[in-house]
Amino acid sequence: MALSDPAAGGVQLLAMHGWGATTGPGPPGAAAARRGWSLGWGERGYGHQVQLEPQWSGTGRRALLVHSMGIHLVPGAVLAAAEAVVLLASFGRFVPPGAPGRRGQLALEAMANRLSNGDSDGLLKDFLAQAAAPDPEELLPAGPREEGCPRRPGSPAR
């Protein structure tokens, strides 16, 4: 049965982005509304955005739309409840297994330790400096470095 099959009832689209920007409704929300579908989304909390866990609401067919790292950020229960998943520029593994991924895995563990110790602003500054190299990080577009990193409920204060 196709998602658009009238016998299926309403259609819920749930979107989750990966690295940056925001999901929000935008043009896809308007297109979904014209079809009588609902569109929900998860939000990472970048910039002034409020963090929002993606979740299904109500009944109907369920399609998950994810971009980039978004597939890795969706809670397992949300993914398991989806009837269709659309991957946009996504990837199955962030760090290669075994020796090729060892350096990346160690770097991620060090970053996770800094985050758990409340050093998110310092970590972001170091990350942006490496991302911009050999140019100065001031050449990067505006983003969370100007506003600080979002805080999850229960995370250590700055």
**Residue list, side-chain contact (heavy atoms from CB on, under 4.5 Å) with Leu79, at least two apart or on another chain** = Leu64, Ile71, Val74, Val85

**Prompt:** For Pro96, which residues count as a side-chain contact (heavy atoms from CB on, under 4.5 Å) partner, sequence neighbours excluded?
**Reply:** Pro100

**Asked** Yes or no on side-chain contact (heavy atoms from CB on, under 4.5 Å) for Leu123 and Leu115, after CA distance, side-chain angles and deciding distance?
**Response** CA-CA 8 Å; Leu123 174 60; Leu115 288 173; 3.6 Å; yes

**Asked** Closest approach of Ala132 and Glu137, non-hydrogen atoms and distance?
**Response** CB-CA, 3.6 Å

**Prompt:** Taking atom CG of Leu87 and atom OG of Ser68, what is their separation to the nearest 0.5 Å?
**Reply:** 11.0 Å

**Item:** OG-NZ distance between Ser120 and Lys125, expressed to the nearest 0.5 angstrom
**Value:** 14.0 Å

Identify all side-chain donor-acceptor contacts of residues 105-114 below 3.5 Å with residues at least two apart in sequence or on another chain.
| residue | atom | partner | partner atom | Å |
| --- | --- | --- | --- | --- |
| Gln105 | NE2 | Glu109 | OE2 | 3.4 |
| Asn113 | ND2 | Glu109 | O | 3.4 |
| Arg114 | NE | Asp119 | OD2 | 3.0 |
| Arg114 | NH1 | Asp126 | OD2 | 2.7 |
| Arg114 | NH2 | Asp119 | OD2 | 2.8 |
| Arg114 | NH2 | Gly122 | O | 3.3 |
| Arg114 | NH2 | Asp126 | OD2 | 3.0 |

**Item:** Validation row: His17, Glu43 side chains within 4.5 angstrom (heavy atoms)
**Value:** yes

**Request:** Evaluate the side-chain proximity of Leu14 to Val78: yes if any heavy-atom separation is below 4.5 Å, no if none is.
**Result:** yes

**Asked** Would you say Gln12's side chain and Arg61's backbone share a donor-acceptor pair under 3.5 angstrom?
**Response** no

**Request:** Show your reasoning for whether side-chain contact (heavy atoms from CB on, under 4.5 Å) applies to Met16 and Trp41.
**Result:** CA-CA 6 Å; Met16 186 68 197; Trp41 59 89; over 6 Å; no

